[in-house]
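Lettering follows sequence order; numbering is per chain, from 1. The model shown is predicted, which means the values in this text are computed figures rather than measured ones.
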Amino acid sequence: MPPLAEAAFYLGTEFMRTRFAPSPTGYLHVGGARTALFCYLQARASGGVFILRIEDTDLQRSTPESVQAILDGMEWLGLDYDEGPIYQTHRFDRYAEVIRQLLEEGKAYHCYCSKERIEALREEQMKAGLKPRYDGHCRDGAEPVAGVKPVVRFRNPREGGVVFDDLVRGRISISNTELDDLVIARPDGSPTYNFTVVVDDVDMAVTQVIRGDDHINNTPRQINIYRALGAELPDFAHVPMILGDDGARLSKRHGAVGVMQYREDGYLPQALLNYLVRLGWSHGDQEVFSLKEMIDLFDIRDVNRKASAFNTEKLDWLNQHYMKNLPAKEVADHLSWYFEKAGIDPRQGPGLEDLVPVQADRVKTLREMTDQSRVFYEDLQEFDAGAAKKHLRPVAEEPLRVVGSRLAELDDWNPESLNETVRLAAEELEVGMGKIAQPLRVALTGTAISPSIDKTLWLTGRERSLARIRRALEYVMARAAAT
RNA sequence: GCUCCCUUCGUCUAGCGGUCAGGACACCGCCCUCUCAAGGCGGGAACACGAGUUCGAUUCUCGUAGGGAGCGCCA
């Protein structure tokens with residue numbers, strides 16, 4: 001564990017050290033993911049170090065499942081860190097040491113005030129129209145109260161104020177009279193957030209503290225602690241939060257707020273990353289960014305100050321963009337995860353790499369792609385009633401019979417020859433493509449919707465196609481006989 | 001209540017004193033077409049309001065309104 005003094009070595013250098021410091025009280029949500037991405041990009045851009053720190057000092061609310069969820073989310077997104085995960089619960093000795101030091105130097109003091117007293121004080125102040133804060137009752141030496149284990153409070157300066165230049169907000173200033181003496185250690189000695197962040201960021205020599213803007217108000221308090229520790233200040237960057245589609249604060253009712261839920265829903269990590277980086281940040285009119293481009297172009301100072309609403313439709317567009325433009329092999333690798341989940345055996349049909357380019361044009365997510373591709377891997381159950389009623393009528397018998405026999409004679413089962421075969425069959429019958437392609441489509445897929453007929457035949461495969469055409473013919477004839 | 005922060009099309013944004021206020025998603029129309037898409041072309045759509053500063057404000061300043069966050073022995 002690096003001593004406080006070591007921080008000075010890093011500060012002021014070109015190499016930035018950033019950290020993402022979530023508290024494990026739930027899954028990794030998109031807001032946190034974006035903050036993590038910004039930290040990651042900023043560190044990578046400078047050739048610096050990206051640290052993952054788990055802020056688990058709240059033993060009540062932290063869970064191992066949440067830690068795992070965060071780790072999983074980071075991994076899926078590909079946000080690899082150079083140091084960590086570092087757990088604050090493993091650093092209690094260090095916090096205790098610094099608390100002792102502050103106590104010895106008179107920069108912190110024991111407070112024996114009861115919660116009841118604090119509560120009453122707060123009510124009184126609120127009623128008087130004041131900002132509730134600790135009144136410093138024990139600040140100048142308090143008599144120990146028998147049977148009461150004291151908390152430790154930080155002795156916040158009463159004079160002056162704090163001014164800092166936030167990398168995204170610009171200059172922010174606040175008077176010390178607005179601040180009070182915050183608790184830095186509970187009666188059992190466990191440290192609290194505003195204190196541990198500072199100790200950690202100093203020890204870990206973090207040079208840019210990038211976090212959500214809900215921490216703006218904590219920053220002046222923390223700066224006072226930096227000063228008490230004689231540590232150099234890092235740069236602060238407070239990024240705005242992300243709102244739901246409806247502009248309201250993101251919550252569970254917005255559906256997929258956990259990063260891994262986006263995976264479940266069929267989004268590529270590249271798409272989500274690209275979407276998130278554009279939320280609050282831009283580079284001219286550019287919409288699509290590879291990770292490399294993000295690293296090269298991103299600068300935390302260009303981030304907007306306004307909260308932005310999450311727009312799933314735009315994410316859909318990006319997701320489809322990546323499904324269409326990433327190497328088919330790469331998309332196919334992701335797709336296989338969904339196939340497995342859906343219980344589809346990819347060996348029972350066309351190669352995923354052949355499937356992807358065909359389906360990418362017509363779906364927004366890998367999940368949809370999976371659902372719409374099942375027909376190429378499994379036996380056809382039954383015809384969609386509406387589609388069959390409309391297209392598998394007696395008039396379809398001849399087209400199906402002719403195209404079926406022409407296809408049976410075909411040697412090369414590839415999109416080009418298949419297209420040619422169907423086209424020639426239509427010519428031979430002197431009908432438009434629609435008259436032959438639609439019945440054929442229903443025969444092959446059971447529905448009136450599928451990729452172009454040549455691709456559909458190709459993906460369905462020779463044997464399976466011919467068998468399905470025969471079956472459709474039987475259906476048509478049975479129907480004709482019934483009338 | 002107090003403190004801090006925010007405000008360009010429905011949404012994400014460009015803009016950094018003089019622009020017909022640009023792009024993207026979504027939406028609408030047309031084209032293409034074997035279905036659904038994808039694609040191409042075109043269209044509607046924004047500077048919250050009020051004062052200043054200035055020859056000139058979307059841009060700078062101050063208010064107003066609206067919104068957010070914090071005010072924990074949570075992080």
Between [X] and [Y], does at least one N-O distance fall below 4.0 Å, as a salt bridge requires?
X: Glu97(A); Y: Arg100(A); result: no
X: Arg122(A); Y: Glu119(A); result: yes
X: Lys127(A); Y: Glu124(A); result: no
X: Asp213(A); Y: Arg169(A); result: yes

Say we look at [N] and [M]: how far apart would their [atom1] atoms be, to the nearest angstrom?
N: C71(B); M: U64(B); atom1: P; answer: 25 Å
N: A75(B); M: A38(B); atom1: C1'; answer: 46 Å
N: C49(B); M: C4(B); atom1: C1'; answer: 23 Å
N: A37(B); M: C27(B); atom1: P; answer: 11 Å
N: G22(B); M: G63(B); atom1: P; answer: 32 Å
N: U58(B); M: G66(B); atom1: P; answer: 24 Å
N: G29(B); M: G15(B); atom1: C1'; answer: 30 Å
N: A48(B); M: G10(B); atom1: P; answer: 11 Å

Nearest to the [X] side chain among [options], which nucleotide is it?
X: Lys306(A); options: C34(B), C25(B), U8(B); value: U8(B)
X: Arg441(A); options: C34(B), G39(B), C12(B); value: C34(B)
X: Ser308(A); options: C5(B), A38(B), C12(B); value: C12(B)
X: Ser452(A); options: U35(B), A14(B), G23(B); value: U35(B)

Base-pairing assignment for [N] (Watson-Crick or G-U wobble, both under 3.5 Å):
N: C2(B); value: G70(B)
N: A38(B); value: none
N: A24(B); value: U11(B)
N: G18(B); value: C55(B)

Under 4.0 angstrom, heavy atoms only, what part of the nucleic acid is [X] near: base, sugar-phosphate, or nothing?
X: Glu287(A); result: base
X: Ala309(A); result: sugar-phosphate
X: Gln286(A); result: nothing
X: Pro451(A); result: base
X: Thr57(A); result: sugar-phosphate
X: Lys149(A); result: nothing
X: Arg278(A); result: base
X: Thr25(A); result: nothing

Q) Taking the six-membered ring of Phe154(A) as reference, does the NZ or CZ atom of Arg221(A) fall below 6.0 Å from its centre and within a 45° cone about the axis? A) no

Q | Arg139(A) to Tyr134(A) six-membered ring, cation-pi geometry met (6.0 Å, 45°) | A | no

Q | Distance-only donor-acceptor test (3.5 Å): side chain Arg305(A), base C6(B) | A | no

Short heteroatom pairs, N/O only, protein and nucleotides 58-62 of chain B, under 3.5 Å:
none

Q.
Hydrogens and angles aside, do Thr421(A) and Arg406(A) bring a side-chain donor and acceptor to less than 3.5 Å of each other?
A. no

(Q) Quick check against the 3.5 Å criterion: does Arg468(A) have a side-chain atom that pairs as donor or acceptor with the backbone of Leu444(A)? (A) yes

Q) Short question: side chain of Asn274(A), backbone of Phe289(A) - any donor-acceptor pair under 3.5 Å? A) yes

Q. Is the Tyr275(A) to Phe310(A) ring centre distance short of 6.0 Å?
A. yes

Q.
Please confirm whether the shortest side-chain N or O distance from Thr196(A) to OP1 or OP2 of A75(B) is below 4.0 Å.
A. no

(Q) Counting only side-chain nitrogens and oxygens, does Ser282(A) get under 4.0 Å of the OP1 or OP2 atom of A14(B)? (A) yes

Q. Counting only heavy atoms not in Arg393(A), do more than 12 fall under 6.0 Å of its CZ?
A. no

Can you name the atoms? Protein N/O to nucleotides 65-73 of chain B N/O, anything below 3.5 Å, with the distance.
residue, atom, partner, partner atom, Å
A69(B), OP1, Arg249(A), NH1, 3.1
A69(B), N3, Asn217(A), ND2, 3.3
G70(B), O4', Asn217(A), ND2, 3.2
C71(B), O2', Pro132(A), O, 2.6
G72(B), OP2, Arg122(A), NH2, 3.4

